[in-house]
Amino acid sequence: MSVKTPLKKDAPLLEVKNLETAFSIDGEYHNAVDNVSFTVKPRQVVGIVGESGCGKSVMSLSIMKLLPKGIGKIRSGEILFNGVHLENMSDREINKVRGKDVAMIFQEPMTSLNPVFSIGFQLQEVLFNHMKISKKEARLKSIALLKSVGISRPEKIVDEYPHQLSGGMRQRVMIAIAIACQPKLLIADEPTTALDVTVQAQILDLLKEIQQVNDMSVILITHDLGVVAEMCDEVIVMYAGKIVERTDVDSLFHKPKHPYTKLLMGAIPKMDENVEVLSSIKGIVPSLKNMPKTGCKFAARCPQAMTECTTISPKLAENEDGHEVSCLLYETSQPKAGVNA
Ligand code: SF4
C-alpha cells in the first residue's frame with residue numbers, strides 16, 4: 001500500500017490529531033508526547049524546537065512508526081498522511097510508506113548507515129524496495145542521486161563505505177537515500193547537530209534547495225533556533241511533551257509569547273551584542289517519571305509563574321493572527337502576579 005495519491009488541493013499533507021505516545025518505565029506507561037495536534041501543508045517547512053527530552057524526536061518516531069517495540073507505543077490519536085491513517089498500519093504497510101512517501105534523516109549518519117555495505121548498495125536497497133528497476137538503472141540512479149546532493153566523484157563514492165567519508169559527506173549520502181524515491185514529506189531530526197559549523201551551513205543550504213526543487217514538505221526537528229530562522233515557515237515549540245507555542249517564523253522571532261520560548265531566544269548568541277555570559281534556562285526538563293501531575297509543566301522553571309500555575313493546566317489557544325500559545329498569562333481570566341521572578 002502506498003499513499004502516493006495525488007495531493008488534494010489545500011488539504012494538509014500531514015495531520016497529527018491528539019497524539020499521545022507513551023514509554024514504559026518500570027512497567028508503567030508515561031506520556032512522552034501528550035495530546036499533540038498539528039498539520040503540515042504541502043511544501044511547508046515546519047520546525048519543531050525545544051530542549052532534549054521535550055518529545056520532539058518521539059513525535060517523529062511516532063509518525064514513522066519507529067518507536068522501540070515493547071517500550072514505546074502510540075496510546076491514542078491519529079496520524080494522517082494525505083488523508084490515509086498511518087497510526088494503525090501494520091509493519092508491512094508502513095514499510096511501503098517509509099522511504100517512498102515519507103522519509104527521515106537522523107542526526108548521526110554513522111549510526112543510520114550500515115558500515116559493512118557500500119554507499120551504492122544502501123542507496124540501491126531503497127530503490128529496489130520501492131521501484132521496479134534493473135541493477136544497471138539503480139546504479140546509474142544512485143550515482144545521479146549522489147551528484148544531486150553535491151558529492152563530487154559520485155562514480156567512485158558509490159563503491160566506497162561509510163567510514164571512508166567525512167561527516168558532511170555521510171550526511172549528504174543520508175539525504176540522497178532519503179530523497180531517492182522523491183518523498184512528499186521529509187523528517188529531518190537534528191540533521192546538522194553533529195557537523196562542523198561550516199558544514200552545517202552547507203547541509204542546510206542543500207536541504208533548502210532540495211525542498212524547493214522537489215516541492216517537499218519538511219519537518220525539521222532541532223534545538224537550534226538559528227536553524228529555524230534559516231529554514232522554516234512555521235514553528236512549533238515543545239516542552240515536556242506538549243506544544244506550548246505555534247506560529248509563523250517571523251512572529252516567533254519578533255513577538256515570542258510563551259515564557260519558555262522567550263528564554264530559548266535569550267540563549268541565542270547575538271553578533272551585535274558584547275555579552276560575556278549567555279543566559280541559560282535554570283533547571284532541567286522533568287523526566288517522564290517526574291512529570292508534574294497538575295498545572296503547567298514549565299512552572300518550576302518559569303520566571304513568570306503564578307501560584308495557580310501549579311494547579312491549573314494552560315490550554316493551547318489561538319491568541320492573535322493565528323499565533324497559538326499555552327500559558328495562563330494569555331488566558332484573560334487569570335491574574336498576572338509572578339512568583340518565580
Ligand atoms: Fe509560566 Fe504559568 Fe505560563 Fe506556565 S502557565 S508558562 S508557569 S506563566
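Both ligands and their constituent atoms are indexed starting at 1 by order of listing.
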- line: Numbered in order shown, the ligand 1 atoms found under 4.0 Å of a heavy atom of L328 are 3 (Fe), 5 (S)
message: I'd like to know if E308 contacts ligand 1, where contact means a heavy-atom distance under 4.0 Å to any ligand atom.
response: no
Option with minimal heavy-atom separation from atom 7 (S) of ligand 1, where the choices are P259, G295, A299, C327: A299
- prompt: What atoms in ligand 1 come closer than 4.0 Å to a heavy atom of H258?
  reply: 6 (S)
- line: In this structure, atom 4 (Fe) of ligand 1 is nearest to the protein heavy atom C296 SG, 2.4 Å
- prompt: Which ligand 1 atoms does L329 reach within 4.0 Å, using its non-hydrogen atoms?
  reply: 8 (S)
Enumerated ligand 1 atoms positioned under 4.0 Å from heavy atoms of C302: 1 (Fe), 6 (S), 7 (S), 8 (S)
message: Do T21 and N31 have side chains that approach each other closer than 4.5 Å (heavy atoms only, starting at C-beta)?
response: no
message: With heavy-atom distances below 4.0 Å as the criterion, list the atoms of ligand 1 near C309.
response: 2 (Fe), 5 (S), 7 (S), 8 (S)
field: Heavy-atom side-chain proximity of R246 to F38 below 4.5 angstrom
entry: yes
- prompt: In terms of the angle between their ring planes, are F121 and F117 parallel, tilted or perpendicular, with boundaries placed at 30° and 60°?
  reply: parallel
- request: For M89 and V84, run side chain to side chain contact (heavy atoms under 4.5 Å, CB included): C-alpha distance rounded to whole Å, both residues' side-chain angles, the deciding distance at 0.1 Å, then the answer.
  value: CA-CA 10 Å; M89 279 189 174; V84 176; 3.8 Å; yes
- request: Could you go through the side chain to side chain contact (heavy atoms under 4.5 Å, CB included) check for D189 and I105 one step at a time?
  value: CA-CA 6 Å; D189 190 351; I105 51 174; over 6 Å; no
- prompt: Judged by modelled atom types alone, do E51 and Y260 share a side-chain donor-acceptor pair under 3.5 Å?
  reply: yes
query: At a 4.0 Å threshold, what atoms of ligand 1 neighbour a non-hydrogen atom of Q304?
result: 8 (S)
- request: Fit a plane to each ring of H258 and F298, take the angle between them on a 0 to 90° scale, and name the class: parallel (under 30°), tilted (30 to 60°) or perpendicular (over 60°).
  value: tilted
